[in-house]
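The next block holds one structure in the form of structure tokens; read it before the comments.
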Number of protein chains: 4
Amino acid sequence: MGPRGSSMASTTRRVGTEGSATRALILDTAEAVIREEGYAAASTRRVATRAGLKPSLVHYYFPTTDDLLLAVNLKGAEASARAIDAALAADDPVRALWLMHADSARNALAYEFIALANHRKNLRAVIAEHSERMRARQVEVLSRLFGDRLAAEGLTPAGLSVVLAGIGRVLATEDALGITAGHDDARAFVEHWLERLAQNQGTKV
Amino acid sequence: MGPRGSSMASTTRRVGTEGSATRALILDTAEAVIREEGYAAASTRRVATRAGLKPSLVHYYFPTTDDLLLAVNLKGAEASARAIDAALAADDPVRALWLMHADSARNALAYEFIALANHRKNLRAVIAEHSERMRARQVEVLSRLFGDRLAAEGLTPAGLSVVLAGIGRVLATEDALGITAGHDDARAFVEHWLERLAQNQGTKV
Amino acid sequence: MGPRGSSMASTTRRVGTEGSATRALILDTAEAVIREEGYAAASTRRVATRAGLKPSLVHYYFPTTDDLLLAVNLKGAEASARAIDAALAADDPVRALWLMHADSARNALAYEFIALANHRKNLRAVIAEHSERMRARQVEVLSRLFGDRLAAEGLTPAGLSVVLAGIGRVLATEDALGITAGHDDARAFVEHWLERLAQNQGTKV
Amino acid sequence: MGPRGSSMASTTRRVGTEGSATRALILDTAEAVIREEGYAAASTRRVATRAGLKPSLVHYYFPTTDDLLLAVNLKGAEASARAIDAALAADDPVRALWLMHADSARNALAYEFIALANHRKNLRAVIAEHSERMRARQVEVLSRLFGDRLAAEGLTPAGLSVVLAGIGRVLATEDALGITAGHDDARAFVEHWLERLAQNQGTKV
DNA sequence: AATGAATGAGATTTCATTCAT
DNA sequence: CATGAATGAAATCTCATTCAT
């Protein structure tokens with residue numbers, strides 16, 4: 001990905017007003033680029049061109065490419081957190097959670113950040129922490145929903161979260177590649193199983 | 001990611017003796033680089049340096065970077081095919097298949113190629129085809145093992161393959177990032193469930 | 001000076017044939033640029049433009065700016081070594097040594113490399129070593145010329161080398177800036193003193 | 001060295017109260033940066049960051065980088081002038097002058113400005129003038145101390161100043177690089193010689 | 001079968017400077 | 001007094017690829 005200084009990415013450093021419209025535009029554009037072309041394509045130039053800005057301006061707001069990537073990651077994490085909280089408030093919380101995991105737009109982004117974390121030691125810790133926080137948040141929600149009742153299925157809230165994440169992600173990523181064999185079957189299986197679970201579920205809080 | 005020519009990948013063009021030791025060395029090195037640093041790092045130079053060869057020589061065997069990447073992908077696909085066939089011959093075929101899906105080294109490579117396919121239209125078709133072939137091969141194996149008996153669980157061979165792939169992949173990728181919450185629970189759940197399935201299984205062919 | 005990776009400069013790495021005419025041209029041009037505009041001006045672009053080459057070609061021969069700078073330094077050190085050896089063979093060796101130290105072209109280059117060493121940890125060791133080798137070579141020459149006879153003046157070969165280097169350098173650098181006050185006086189003083197020394201000198205070897 | 005506007009340095013233009021604490025902070029920080037990392041590192045940004053200020057503020061006080069550099073140079077010249085005056089008032093003035101010339105902190109800064117003058121025509125005249133003034137001031141002091149008595153040694157006040165400057169500078173710069181061969185010998189030689197001179201010296205004024 | 005030379009493109013980053021508030 | 005925004009230029013480096021030998 002070109003030369004990259006070895007200095008730690010400064011998660012906190014943030015040039016430009018937080019509420020700046022330009023900053024938001026850059027962030028949105030970068031997210032779109034990452035989703036469509038991968039994190040490696042989120043170069044200053046490409047993002048700037050697409051946003052109709054000068055490359056230098058991108059650097060003004062995000063001194064380092066890492067800063068930009070982490071900012072997009074953070075934004076995604078915040079969106080996921082909101083989605084989880086919304087699930088808890090939904091009519092059928094478990095199903096809402098499953099839909100979130102099977103959402104391909106969300107998965108495309110998440111996938112990129114995992115790939116990114118895998119290849120850039122600098123960013124690994126921050127990205128991993130975001131993922132862990134999402135897991136924890138889901139555990140909270142699922143615990144509130146099921147109490148101990150998941151144990152009857154041989155599962156735990158954390159285990160359920162892992163299973164849904166895995167199946168959701170493989171469906172989304174394969175869809176993107178045009179691979180579909182077994183998808184409907186797997187989806188039906190999960191949904192059927194979740195329905196059964198839902199009957200076992202405690203009162204919504 | 002640096003400049004990448006837009007020329008169609010010449011899947012078939014192949015210079016250099018097929019059985020050449022140099023060719024094998026380049027392929028192995030490229031695979032290691034991809035596994036450790038990601039496909040974006042598999043540049044002619046990097047592979048050459050690491051293999052102790054001149055960059056030009058890499059180009060001699062693989063005229064295009066895409067040629068090299070596809071060759072590594074093909075090699076991985078062949079290894080996966082062998083693993084699936086070996087599973088069929090194992091004592092506990094379903095469990096062997098699950099272990100294959102949960103194998104982190106294999107997943108690391110597979111993950112890279114999915115990311116690659118996602119971001120390079122050129123290669124998408126070839127890589128997707130390899131994945132589909134693997135899925136088909138597993139369906140064959142699982143059908144032979146279970147016949148119709150999976151239906152009782154609300155599943156199909158293809159659906160089961162998808163489920164195992166998803167859960168296996170999420171475990172492997174999160175492990176790599178040091179995320180472990182819920183992993184043991186999910187693993188126990190899958191293994192317990194597979195044991196139950198195995199009792200339902202037909203005679204090994 | 002722009003981004004600079006933290007990787008150690010690879011003193012030995014050397015792309016392109018040693019005897020290449022292009023390589024020599026780049027080296028000569030870089031030396032001229034450094035002498036005239038300072039080491040900080042020895043950028044790929046500037047050197048390339050001045051040599052009538054493409055910037056990429058400079059990178060082909062000297063992957064890193066540090067590689068280029070060190071190569072120029074090495075070339076200078078070799079020239080100095082030859083000058084010292086030539087002094088030993090001259091009619092009046094001590095005076096020849098003094099003239100070498102007072103040579104402004106040589107000093108301009110030396111000055112740049114000391115400044116460079118001062119500001120780039122990477123290169124410090126190599127450059128310092130070159131300087132030390134020059135000092136050692138002079139000590140050898142002066143010892144051969146004077147034996148113990150310098151002691152009568154309260155000096156040693158190494159001490160004399162330091163004194164000549166210091167006075168020679170200040171004269172050369174100030175000349176370059178147009179500062180001349182006291183220069184003739186200092187020069188006369190040194191030359192008078194060296195004449196006296198020469199009479200004290202042993203037989204030339 | 002990055003882009004550097006070609007606008008003449010505005011030696012006189014000076015925004016911000018002369019006595020401003022902020023101005024002094026910027027000046028001190030710039031001096032430290034130059035001393036430690038060289039004049040080329042004294043960029044608006046770097047100085048600002050290190051001083052905990054915004055880059056724009058540095059520009060507010062010093063519209064141009066050249067303005068900043070010259071201000072630091074002036075500050076250094078004033079300090080040297082004070083050191084020379086102090087030498088005259090010292091117990092052993094000649095020795096005090098020598099110690100000033102051998103002072104490595106002072107030399108590090110002086111070295112940078114000579115390099116700077118060498119490479120930026122804009123600034124050459126101003127910096128050279130400062131140096132010349134220091135030389136003149138020393139000549140005054142030495143004349144007062146020795147009258148004509150230096151002639152017996154074949155020297156003049158200006159010549160002595162040059163000699164001390166040269167030897168002092170080479171010792172200081174080589175020390176910084178870890179080169180020490182001959183240093184003690186040269187130092188002993190100079191000090192012994194200065195002692196002899198001192199006995200020849202006139203009454204302190 | 002292998003390699004040295006050359007080139008154009010692009011990515012990352014740093015910088016000085018201007019302007020409006 | 002002070003600052004945020006914006007911009008254009010340049011420096012460093014990496015790459016894929018082509019060509020001639």
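Quick note on labels: first sequence line is chain A, next is B, and so on, each numbered from 1.
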Determine whether [X] and [Y] make a side-chain contact, defined as any pair of heavy atoms from C-beta on separated by less than 4.5 Å.
X	Y	value
B/R23	B/L27	yes
C/E31	C/R35	yes
D/V58	D/R45	no

Look at all strands and tell whether C/S56 reaches a base, only sugar-phosphate, or nothing, counting heavy atoms closer than 4.0 Å.
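Touches a base.
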Residue A/T44, side-chain heavy atoms: nucleotide from E/dT12, F/dA2, F/dA6 that is nearest:
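Nearest to the side-chain atoms of A/T44, counting from C-beta on, is E/dT12.
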What nucleotide, of F/dT12, F/dA11, E/dA6, holds the atom closest to the side chain of C/Y60?
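Nearest to the side-chain atoms of C/Y60, counting from C-beta on, is E/dA6.
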Value in whole Å for how far the [atom2] atom of [N] lies from [atom1] of [X]:
X	N	atom1	atom2	value
B/L25	E/dA1	CG	C1'	15 Å
A/D66	E/dA11	CG	C1'	13 Å
B/R23	E/dA2	CZ	P	13 Å
C/L68	F/dA11	CG	C1'	14 Å
A/L57	E/dT17	CG	P	20 Å
C/R50	F/dA11	CZ	P	14 Å
A/H59	F/dA5	NE2	P	17 Å
B/F62	F/dC15	CZ	P	18 Å

Does any nucleotide pair with [N] by Watson-Crick or G-U wobble geometry, both distances under 3.5 Å, and what is it?
N	answer
E/dG10	F/dC13
E/dA1	none
F/dA6	E/dT17

With a cut-off of less than 4.0 Å, is there a side-chain N or O of [X] near OP1 or OP2 of [N]?
X	N	answer
A/Y61	F/dA6	yes
B/S43	F/dC15	yes
C/T65	F/dC13	yes

On DNA chain E, compare the nucleotides closest to B/K54 and C/L53; which residue's is nearer the 5' end?
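It is B/K54 whose nearest nucleotide is closer to the 5' end.
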Could you pick out which residue, A/R45 or C/T22, lies toward the 5' side of DNA chain E when each is mapped onto its nearest nucleotide?
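Here C/T22 is the residue nearer the 5' end.
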Does atom NZ of D/K54 have more than 12 heavy-atom neighbours, drawn from other residues, nucleotides or ligands, at distances under 6.0 Å?
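Not buried by this count: 12 neighbours or fewer within 6.0 Å.
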side-chain contact (heavy atoms from CB on, under 4.5 Å) partner of C/F113, chosen from C/N118, C/L123, C/L70, C/I127
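For C/F113, the side-chain contact (heavy atoms from CB on, under 4.5 Å) check succeeds only for C/I127.
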